[in-house]
Engineer: 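Structure incoming, see below.
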Amino acid sequence: MCTGSCSKFIAIPLYILALVSIICNIMLFFPDFETKYASEDREGEDRITEEVKYMSGLIGGGILVLIPAIHIHLTSAKNCCANRCGMFLSIGFAAAGVVGAIYSLSVAALGLANGPTCYWQNNVNPIPTWGTPFANSNGSYLSDKEMWDWCILPKNVVQFNVGLFSTLLVAACLELALCLIQMVNGLFGCICGTCSGKE
């Protein structure tokens, strides 16, 4: 496979993964598909999981991957960046995508480890309050579904957060792998050309 075709093969999944990351990050602002949790209450207590506000899926896995995906796709098109210079630039764009993917991956892993913000109570904390009950569990709550019942509101917030942060984590891993491959592909394209016609 020539380097130009390889760029196209890499760019299309990056578009999809960036879109998935953006959608997941936006959905995380609305646990239980309710808008009321997106704002602080009268006492100033925050009801949105802290890691959601880092916007890693929107900025890191989304924009910082989408822009390189566009350039990488252009390197596969004839008469538009499909030259050694375009392939050289794609290395830099792919590096930006790597940074974005690592940011998204780190925040998603942190979000999974700390768990969601919710209105919770348990035997140790009998008075319900807003907070992050699993923050000191080192992620052990993920395998102990009985702990999920600690969260009263929003309903099913643990499943909601685990599902979306896991999706962000997988998307970021794939974005990272694809951007690293493009960096190698761009290097070969810079040295050998894109095989897409006249260089």
Engineer: Between Phe93 and His71, how do the two ring planes meet: parallel, tilted or perpendicular, split at 30° and 60°?
Structural biologist: parallel
Engineer: Would you say Asn114 and Glu51 are linked by a side-chain donor-acceptor pair, where the criterion is simply a distance under 3.5 Å?
Structural biologist: yes
Engineer: If I take atom CD from residue Glu50 and atom OG1 from residue Thr117, how far apart are they, to the nearest 0.5 angstrom?
Structural biologist: 7.5 Å
Engineer: How about Val65 and Ser21: do any of their side-chain heavy atoms sit closer than 4.5 Å?
Structural biologist: no
Engineer: Could you tell me which residues satisfy ring-ring contact (aromatic ring centres under 6.0 Å, His included) with Tyr54, sequence neighbours excluded, listed by chain and number?
Structural biologist: none
Engineer: Quick check on the hydrophobic clustering: are Ile22 and Val107 connected, directly or via other members, by side-chain heavy-atom contacts under 4.5 Å?
Structural biologist: no
Engineer: Is any side-chain heavy atom of Tyr141 closer than 4.5 Å to one of Val162?
Structural biologist: yes
Engineer: I want to check something: taking the side chain as every heavy atom from C-beta on, are Cys151 and Phe134 in contact at a cut-off of under 4.5 Å?
Structural biologist: yes
Engineer: Is there a side-chain contact between Pro68 and Leu14 (heavy atoms, below 4.5 Å)?
Structural biologist: no
Engineer: Report the distance from atom CE of Met183 to atom CG of Leu180, rounding to the nearest 0.5 Å.
Structural biologist: 6.5 Å
Engineer: With rounding to the nearest 0.5 angstrom, report the CG to CG distance, Leu174 to Leu169.
Structural biologist: 10.0 Å
Engineer: Checking Asn25 against Ser56: is there a side-chain donor and acceptor pair closer than 3.5 Å?
Structural biologist: no
Engineer: How far apart are the C-alpha atoms of Cys118 and Leu153, what are their side-chain angles, what is the distance that settles it, and do they pass the side chain to side chain contact (heavy atoms under 4.5 Å, CB included) test?
Structural biologist: CA-CA 6 Å; Cys118 62; Leu153 291 173; over 6 Å; no
Engineer: Determine whether Trp148 and Val157 satisfy the following criterion, side chain to side chain contact (heavy atoms under 4.5 Å, CB included), listing intermediate values before the conclusion.
Structural biologist: CA-CA 9 Å; Trp148 297 10; Val157 68; over 6 Å; no
Engineer: Between Glu175 and Gly61, what is the shortest heavy-atom contact and its length?
Structural biologist: OE2-O, 2.7 Å
Engineer: Does Lys53 reach the side chain of Phe29, with side-chain heavy atoms less than 4.5 Å apart?
Structural biologist: yes
Engineer: Apply side chain to side chain contact (heavy atoms under 4.5 Å, CB included) to residues Thr49 and Asn161 and explain how you reach the verdict.
Structural biologist: CA-CA 9 Å; Thr49 303; Asn161 268 37; 3.1 Å; yes
Engineer: Once rounded to the nearest 0.5 Å, what's the spacing between atom CG of Leu17 and atom CG of Leu178?
Structural biologist: 6.5 Å
Engineer: Indicate if Leu168 and Tyr103 have the same hydrophobic cluster label, given that clusters are the connected sets of ILVMFWY residues with side-chain heavy-atom separations under 4.5 angstrom.
Structural biologist: no
Engineer: Please report the C-alpha distance between Val158 and Trp150 in whole Å, then the side-chain angles of each, then the deciding distance to 0.1 Å, and finally whether the side chain to side chain contact (heavy atoms under 4.5 Å, CB included) criterion is met.
Structural biologist: CA-CA 10 Å; Val158 180; Trp150 293 359; over 6 Å; no
Engineer: Give, for atom OG of Ser104 and atom CG of Leu64, the distance between the pair rounded to the nearest 0.5 Å.
Structural biologist: 10.0 Å
Engineer: For a quick test of reading the model, state the closest non-hydrogen atom pair linking Thr167 to Gly163 and the distance between them.
Structural biologist: OG1-O, 2.8 Å
Engineer: Do Ile102 and Val99 have side chains that approach each other closer than 4.5 Å (heavy atoms only, starting at C-beta)?
Structural biologist: no
Engineer: Nearest heavy-atom pair of Ser166 and Leu112: which atoms, and what distance?
Structural biologist: OG-CD2, 3.8 Å
Engineer: Testing the basics here: between Tyr15 and Leu66, what is the closest heavy-atom pair and its distance to 0.1 Å?
Structural biologist: CD2-CD1, 3.7 Å
Engineer: For the residue pair Phe165 and Val52, establish whether any side-chain heavy-atom pair is separated by less than 4.5 Å.
Structural biologist: yes
Engineer: Could you measure the distance from the CG atom of Leu28 to the CD1 atom of Ile23? Nearest 0.5 Å is fine.
Structural biologist: 12.0 Å
Engineer: Does Ile152 belong to the same Ile/Leu/Val/Met/Phe/Trp/Tyr cluster as Trp130, with side-chain heavy atoms less than 4.5 Å apart forming each link?
Structural biologist: yes
Engineer: Is the closest side-chain heavy-atom distance between Ile48 and Pro31 below 4.5 Å?
Structural biologist: yes
